[in-house]
Amino acid sequence: MRKKILTLATAVTAAAISAAACFGFTGCAAKQGGNWVGNYYPDYYFPTSPDGEENGGDNYQYGSITESPFVDVAQGSSSYFSLDRNTAGYSYVRRQIENDYKIAADSVRVEELINYFDYSYPEPETEAVSLTAYLSACPWNESNMLVTLGVKTQTVRLDAENGNYVFLVDVSGSMSGDDRLGLAKYGFNTFVDNLGEGDVVSIVKYASGMEVVMDGKECADENKDGIKATMNGLRAGGATNGAGGLELAYQTAQKHFITGGNNRVVIISDGDFNVGRDSTDEMKEMIEEKAKSGIYLSVIGVGMGNTRDDMLETLATCGNGNYAYLDNKTEANKVFGHDLNGTLKTVAKDAKAGVTFTDNVVKYRLVGYDTKHLSEDDFNDSRTDAGELGSGLCSTAVYEIMLKEGAEGEIATAEIKYKDVRGTQKDASVSTVITTGTADGNDARFAACVAEFGLVLRNSEYKAQASLDRVYARLEEFSDYIAADVYKTEFVSLVQKAIRSEKY
């Protein structure tokens, strides 16, 4: 059975390497007077340390993460957080491992690693979301247990309503190269292939200035080649006025607004804004205001080196959107193919989770979601801006808990609150009770493997006995479950590569 997993893992890895081979790293040039020169970017784009070893952790700006501590139930029995399904963190980690870079700890957002994968949670029947709980042993700390919350959203086909999509494409000098603008073009072409005749597409480009290069083109079959040609003709060069580009993109989306339709801006960028409003605080204020327009935002990151992950994450969080990172063509196919409905169609808005533990629990810790905590007042206020969940996708949260000795019966109640946007904006919620008899399952076991993987990579102070070898050994124990999913199979290969590296 191990051979079965490794064979599939090798195949997936080979596909990823083949895709990566298409990304020719272009030459570098000097930076003059704060502006990019020609179609190139500075010579620190691919950083090299004095000993010649590339280090992908340099020249990034990740948002700072302080891990959630354990909380004594006697001091506070409830935990609240904004729920979403961003996946960029997994792709960032994968690319660093694939290139044998030292992992930047703040790039490891554990919930984004876990949420990269699909799980077989029960489908919702009447509500927009379902909620299922699992209770299992904590593999990195035998004194504790794990409570896993599995959320599944209802599948709503994109062709159930017309879409108004504005692609905002960063064409500044830092976007030069097949793994940046080239990958943006590839992803866009994949996207266009999946659209229907009722959809309208616009393209806005920005560098030092901004321009609408395609304004509200209907995506009929006879127009698709022309739409692709417009995108494929874009060239990189200049500085990066991201704020100006976003202003123009939202104006364009408003111009073609479809009442009752799916209105969305999709920005593809490395996030390196260096002209105009360029701080995360300034962009946060701007995007929060734009989000009130009913136009959603999807953020697609590309590139390695001088990448503003913190900026891109801020845009997604404040723009009622989601955030993915394209590290190769395989990922572009996943985002704009396999996950397309979830990427572009929101079914649950302002989604937030609340868990209240009973006195059968001594203490608890939320694994991940470290920047997304909410207060009890925020959780109970329907006006609170929280996360968005796309169609047909899973979102997962894991708590590490310590039970009282001999505990039996109810240990927690979990609730998800959200706005149901399937034709309405009504407030809705689902809840479940977790007991000492709550079942385990392969989905929870796999999520625990991914969580432990993340704890090791960020060298978490809460990793206890976590190790990559232990993760790999457990993955072998349920190989049939993993072999049925190409992305989970690839994860096995990624764990192997991390084990072989001396950096983790």
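All values derive from a computational prediction rather than experimental measurement. In this chain, numbering begins with 1 at the start of the sequence shown.
Close placement of the Phe167 and Phe191 rings is indicated, their centers lying within 6.0 Å of each other. Between Tyr116 and Phe491, the distance separating the two ring centers is not shorter than 6.0 angstrom. In this structure, Phe117 has its ring center at least 6.0 angstrom away from the ring center of Tyr487.
No side-chain heavy atom of Asp443 sits less than 4.5 Å from a side-chain heavy atom of Thr132. At least one side-chain heavy atom of Ser68 sits less than 4.5 Å from a side-chain heavy atom of His373. By the 4.5 Å heavy-atom criterion applied to side chains, Gln425 and Val421 are counted as neighbours. Side chains of Ile103 and Val108 form a contact here, defined as non-hydrogen atoms less than 4.5 Å apart. For the pair Ile401/Leu403, a side-chain contact is recorded, criterion being any heavy-atom separation below 4.5 Å from C-beta on. For the pair Phe81 and Leu366, the minimum side-chain heavy-atom distance is below 4.5 Å. Within the 4.5 Å cutoff, no side-chain heavy atoms of Met145 are placed close to those of Ser136. Between Lys352 and Lys372, every side-chain heavy-atom pair lies at or beyond the 4.5 Å cut-off.
Checked by atom type and distance alone, the side chain of Thr343 pairs as donor or acceptor with a backbone atom of Asp339 at under 3.5 Å. Between the Ser293 side chain and the Lys290 main chain, a donor and an acceptor come within less than 3.5 Å of each other. Between the side chain of Asp270 and the backbone N or O of Val302 there is no donor-acceptor pair closer than 3.5 Å. Between the side chain of Arg458 and the main chain of Ala105, a donor-acceptor pair closer than 3.5 Å is present. Within the 3.5 Å criterion, the main-chain N or O of Tyr186 finds a donor-acceptor partner in the side chain of Thr190. The backbone N or O of Glu410 sits less than 3.5 Å from a side-chain atom of Asn360, completing a donor-acceptor pair. The main-chain N or O of Ala104 is found under 3.5 Å from a side-chain atom of Gln96 such that the two form a donor-acceptor pair. Judged by distance alone, the side chain of Thr148 and the main-chain N or O of Ala444 form no donor-acceptor pair under 3.5 Å. For the pair Thr153 (side chain) and Gly392 (backbone), a donor-acceptor distance under 3.5 Å is present. At distances below 3.5 Å, not a single donor-acceptor pair connects side-chain atoms of Thr346 with backbone N or O atoms of Glu388.
Rounding to the nearest 0.5 Å places OG of Ser91 at 7.5 Å from CG of Asn328. Here the straight-line distance linking atom CG of Leu455 with atom OH of Tyr462 works out to 11.0 Å at 0.5 Å rounding.
Of the residues listed (Asp310, Asp309, Asp370), the one engaging Arg109 in a salt bridge (Lys or Arg N to Asp or Glu O under 4.0 Å) is Asp309, and it is the only one.
Ionic pairing of Arg474 and Glu452 is present here: one or more N-O contacts between side-chain nitrogen and carboxylate oxygen are shorter than 4.0 angstrom. Salt bridge status for Arg94 with Glu331: present, with a side-chain N to carboxylate O gap under 4.0 Å. A salt bridge does not link Lys363 with Asp72: every distance from a Lys NZ or Arg NE/NH1/NH2 to an Asp or Glu carboxylate oxygen is 4.0 Å or more. Salt bridge status for Glu112 with Arg85: absent, with no side-chain N to carboxylate O gap under 4.0 Å.
Shown here is Glu408, whose CD atom has no more than 12 heavy atoms of other residues, nucleotides or ligands within 6.0 Å. Environment of CD in Glu285: sparse, with no more than 12 heavy atoms of neighbouring residues, nucleotides or ligands closer than 6.0 Å.
Closest approach of Ser130 to Pro122, counting heavy atoms only: OG-O, 2.6 Å. Shown here for Ala332 and Gly187, the closest heavy-atom pair between the two residues is CB-CA, 4.2 Å. Taking each heavy atom of Ile434 and Ala133 in turn, the nearest pair found is CG1-CB, 3.4 Å. Closest of all the heavy-atom pairs between Ala324 and Thr87 is CB-OG1, 3.9 Å. The two residues Asp170 and Ser269 make their nearest non-hydrogen contact at OD2-OG, 2.9 Å. Here the closest heavy-atom approach between residue Asp106 and residue Gly63 is recorded as CB-O, 3.6 Å.
With no hydrogens or angles considered, no side-chain donor-acceptor pair links Lys329 and Asn333 at under 3.5 Å. Between the side chains of Asp327 and Tyr92, no donor N or O sits under 3.5 Å from an acceptor N or O. For the residue pair Asn86/Asn322, the side-chain donor-acceptor check at 3.5 Å is not satisfied. A donor-acceptor contact under 3.5 angstrom links the side chains of Gln154 and Arg422, judged on distance only. A side-chain donor-acceptor contact under 3.5 Å links Glu67 and Ser460.
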Trace of the side-chain hydrogen bond (donor to acceptor under 3.5 Å, both in side chains) decision for Tyr121 with Thr396: CA-CA 10 Å; Tyr121 304 144; Thr396 304; 2.7 Å; yes
Trace of the side-chain hydrogen bond (donor to acceptor under 3.5 Å, both in side chains) decision for Glu127 with Tyr418: CA-CA 11 Å; Glu127 301 293 337; Tyr418 62 96; 3.2 Å; yes
Chi angles and distances behind the salt bridge (charged side-chain N to carboxylate O under 4.0 Å, His left out) call for Asp427, Lys417: CA-CA 7 Å; Asp427 293 337; Lys417 292 186 177 183; over 6 Å; no
Worked verdict on Tyr472 versus Phe453 for side chain to side chain contact (heavy atoms under 4.5 Å, CB included): CA-CA 9 Å; Tyr472 184 77; Phe453 178 71; over 6 Å; no
Stepwise side-chain hydrogen bond (donor to acceptor under 3.5 Å, both in side chains) check, Asn262 with Tyr165: CA-CA 8 Å; Asn262 188 12; Tyr165 304 111; 3.2 Å; yes
Derivation of the side chain to side chain contact (heavy atoms under 4.5 Å, CB included) call for Val151 and Leu389: CA-CA 10 Å; Val151 176; Leu389 298 177; 4.1 Å; yes
Residues Tyr90, Tyr325; criterion ring-ring contact (aromatic ring centres under 6.0 Å, His included); working and verdict: CA-CA 8 Å; Tyr90 183 86; Tyr325 170 74; over 10 Å; no
Steps toward side chain to side chain contact (heavy atoms under 4.5 Å, CB included) verdict (Phe446, Phe478): CA-CA 9 Å; Phe446 182 81; Phe478 53 121; 3.9 Å; yes
Verdict with supporting geometry, Val71 and Phe357, side chain to side chain contact (heavy atoms under 4.5 Å, CB included): CA-CA 11 Å; Val71 178; Phe357 294 93; over 6 Å; no
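For the pair Lys152 and Tyr119, the cation does not sit on the ring face, since its NZ or CZ is not both under 6.0 Å from the ring centre and inside 45° of the axis. In this structure, Arg365 forms no cation-pi arrangement with Tyr399, as its terminal cationic atom is not both closer than 6.0 Å to the ring centre and no more than 45° off the ring axis. A cation-pi contact, defined as under 6.0 Å to the ring centre and within 45° of the axis, is absent between Arg95 and Tyr101.
Evaluation of the salt bridge (charged side-chain N to carboxylate O under 4.0 Å, His left out) rule for Asp385 yields no partner, not counting sequence neighbours.
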